[in-house]
Amino acid sequence: MHILVTSLERGFALEDRRDAVPAAHSAHSSSTSGSSTSSATADSNPGVRIVPDAIGLAQLVSERERSATPGDPIRWVWNSQDIVPRLLAHGVRVGRCHDLRLTGRILITAGYLDARFDVADARGGAHPGEGLFDLDAENPGTVAATRELFEAQLAAIEAADQGGTRKGALAFLVGAESAGTLVAAELRASGMPFSVERHERVLVDVLGSRRAGGRPAKLEAAASSVRAALGEQTLNVDSPKDLLAALRRAGLDVASTSKWELWGKEHPVVEALLHYKRLHRLFTANGWTWRDEWIHGGRFRPDYVPGGVVTGRWATSGGGAMQLPKEIRSAVVADPGWKLIVADAAQLEPRILAAMSGDEAMARAGAQRDMYTAFVDRGVVPDRDSAKVAMLGAMYGATTGQSAVLLPGLERVYPRAMGLVASAARSGERGQQVHTWLGRTSPWPPAEFSPRDFGRFTRNFIVQGTAAEWALTWMAGIRQRLAKLGVVTGGATGAVVDAPLEQTAHLAYFLHDEVVVHAPAEVAERAAVEVVAAAAEAGRLLFSGSQVTFPVVAHVVDSYGDAK
DNA sequence: CAAGTCTGCCAC
DNA sequence: AAACGTGGCAGACTTG
């Protein structure tokens, strides 16, 4: 059963759809069908209900979720960005949804859906200028417009999947993308446990004590060391321009002040400056100011942005969540009586390439626990480090350096895999679109573009984007599996809605190919098993028949810093 | 002086 | 002044 929800400032409208699979409809003749449905009102359409606020909606959603059964599941249709966080604020979780905004973006980028259905424009298909998600109780025509948008999306997905090589891939992608919105909202709602005390220990150890209005002692000392090494007592170390000039006066042949350029240069200032840079970075990016802004109530709550990257990867907004340096991960600590499960997928992108290319030889390597070691055993590369560099170079489009040297070896042994990324690169160079495994489509190049650069982009897009699809599938599976572990501190088990986030094992952090789960200690080992199992299941769901495996290393620890 | 751009570094 | 993909962010620097 589909249940369509539109939101507004003062309340919500909700419409039941009893037909799980809509009958054939005229998604592309909205100008006529729209006029006939736009007059629908709550009175004339008994399927439409209007609730005054988020609490009312939460109650309704909760009731419907409880009534759902495995044989009669509910799929909520909405802009989850607007609605899910408000439901979570009232303690209500849902099982499945269809996100209109992210689905629309996928379909429109691919050219499967007319751009006039773009939710981002906040216009209903048949009602230009009318806010899709700005429903007014006196203007329930918006419900009809939203329903029309949904049906147009379903029709576009159906048509694309019929024409695609793998039936149902796009529908699966839309489901995974939508599930991602639920995961993202729950990640933010639950947050990652973070110990201010442990963080303080790191800062004091590395930087010295916090000093009101000033810089900590060790940071100042490091700056002084740089000035001393350069013999320039008044140098402003934080000014790249001044620093570069000072370095050159000291006889260093450098064109910038960056680490890679300093590295290896013979001069006493190098070590001092690299040390200062490390301290300065910690101070500015993850120091006291960062903590005051982002850590509240023992939780780090970054704002995850599903689909925030063109490839389908997530982005985050605020707090630098996806750059959390290893240096401060020791401050991520489980609550008393709880554990963290830190899990990361081993060599995810090479495995993705092996699976999606159907390269038998690479798939055999991908069936091994350590794919890179399998490359070495095969005699493709001399050592494991070379294997890693070569694979990354192949997926990024390296043309020089060590990885480029190793490429011919890879091409000889793994022709189909290398051929796939080379083909994607050629498409980009010609200004064409490419597709991930599940059918996410790359954007068109800008009017002025460098063929070489855009080729490298599309080369990487297919692998990075498919890896993101695997990760979405993995997390959606983890979410479902953790919910089944049930409520430990009381209440019923089973239905998602009955497992409040704060009381049961939940996802706490995500980083492309890595997750952190926060779980009561008594279910931590079981949660770790589920995380590993969800990875294997994600592999089967995406690449049924492939021998490539997706091993996950899961550590049950008290602190993120204790994992590897 | 606010807004935009550049530099450099963190993550994958 | 990066080579070799995707990002976010702080602080310096530039511009209107």
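Sequence lines set the chain letters: A, B, ... in the order given, protein chains first and strands last, and positions in each chain run from 1.
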Looking at every strand, decide which applies to A/Asp238 at a 4.0 Å heavy-atom threshold: base, sugar-phosphate, or nothing. sugar-phosphate

When you measure from the side chain of A/Arg248 to the backbone N and O of A/Val254, does any donor-acceptor pair fall under 3.5 Å? yes

When we call it a touch if two heavy atoms are under 4.0 Å apart, what does A/Arg278 touch: a base, just sugar-phosphate, or nothing? nothing

To the side chain of A/Leu511, which of B/dA11, B/dC9, C/dA12 is closest? B/dA11

Of the nucleotides C/dT6, C/dG7, C/dC13, which has the atom closest to the A/Ser239 side chain? C/dC13

I'd like to know whether A/Ile157 forms a side chain to side chain contact (heavy atoms under 4.5 Å, CB included) with A/Leu173, so could you lay out the CA-CA distance, the side-chain angles of the two residues, the decisive distance to 0.1 Å, and finally the verdict. CA-CA 10 Å; A/Ile157 293 165; A/Leu173 171 60; over 6 Å; no

Closest-nucleotide mapping onto DNA chain C: is A/Gly318 or A/Phe457 further toward the 5' terminus? I mean the 5' end. A/Phe457

Where the side chain of A/Lys326 is defined as all heavy atoms beyond and including C-beta, which of B/dA11, B/dG8, C/dT6 is the nearest nucleotide? B/dA11

Using the rule given for side-chain hydrogen bond (donor to acceptor under 3.5 Å, both in side chains), can you reason through A/Thr436 versus A/Glu469, listing the C-alpha separation, both sets of side-chain angles and the distance that settles it, and then say yes or no? CA-CA 8 Å; A/Thr436 60; A/Glu469 289 162 355; 2.4 Å; yes

Lys/Arg-Asp/Glu bridge criterion (N-O < 4.0 Å) met for A/Asp292, A/Arg210: yes

Same-atom distance (C1') from C/dA3 to C/dG16, integer angstrom: 37 Å

In whole Å, I'd like the distance from the CG atom of A/Asp242 to the P atom of B/dG8. 13 Å

For A/Gly401, which contact category applies under a 4.0 Å heavy-atom criterion: base, sugar-phosphate, or nothing? nothing

With a 4.0 Å cutoff (strictly under), does any side-chain N or O of A/Lys259 reach OP1 or OP2 of B/dT7? no

Among C/dG7, C/dA3, C/dG5, the nucleotide that comes nearest once only the side chain of A/Ala315 is considered: C/dG7

Answer yes or no: does a side-chain N or O of A/Arg456 lie under 4.0 Å from OP1 or OP2 of C/dG5? yes

Aromatic plane relationship, A/Tyr509 with A/Tyr560 - under 30° parallel, 30 to 60° tilted, over 60° perpendicular: perpendicular

Just checking A/Gly320: base, sugar-phosphate only, or nothing, at a heavy-atom cut-off of under 4.0 Å? sugar-phosphate

If only side-chain N and O atoms of A/Thr257 are considered, is one of them under 4.0 Å from the OP1 or OP2 phosphate oxygen of B/dG8? yes

Of all the choices, C/dT6, B/dC12, C/dA12, which nucleotide is nearest to the side chain of A/Glu514 once you look at every atom? B/dC12

Give the rounded distance in Å between these two atoms: OH of A/Tyr276 and P of C/dG11. 10 Å

Mind calculating the distance between CD (A/Glu261) and P (C/dA3) to the nearest angstrom? 13 Å

Checking all strands, does A/Gly319 fall into the base, sugar-phosphate, or nothing category for heavy-atom contacts under 4.0 angstrom? sugar-phosphate

Which of B/dG8, C/dT6, B/dC12 is nearest the side chain of A/Val310? It is C/dT6

What is the nucleic acid contact for A/Val254, judged by heavy atoms within less than 4.0 Å: base, sugar-phosphate only, or nothing? nothing

Should the heavy atoms of other residues, nucleotides or ligands under 6.0 Å from NZ of A/Lys265 be counted, would the total exceed 12? yes

On DNA chain C, compare the nucleotides closest to A/Thr284 and A/Trp260; which residue's is nearer the 5' end? A/Trp260

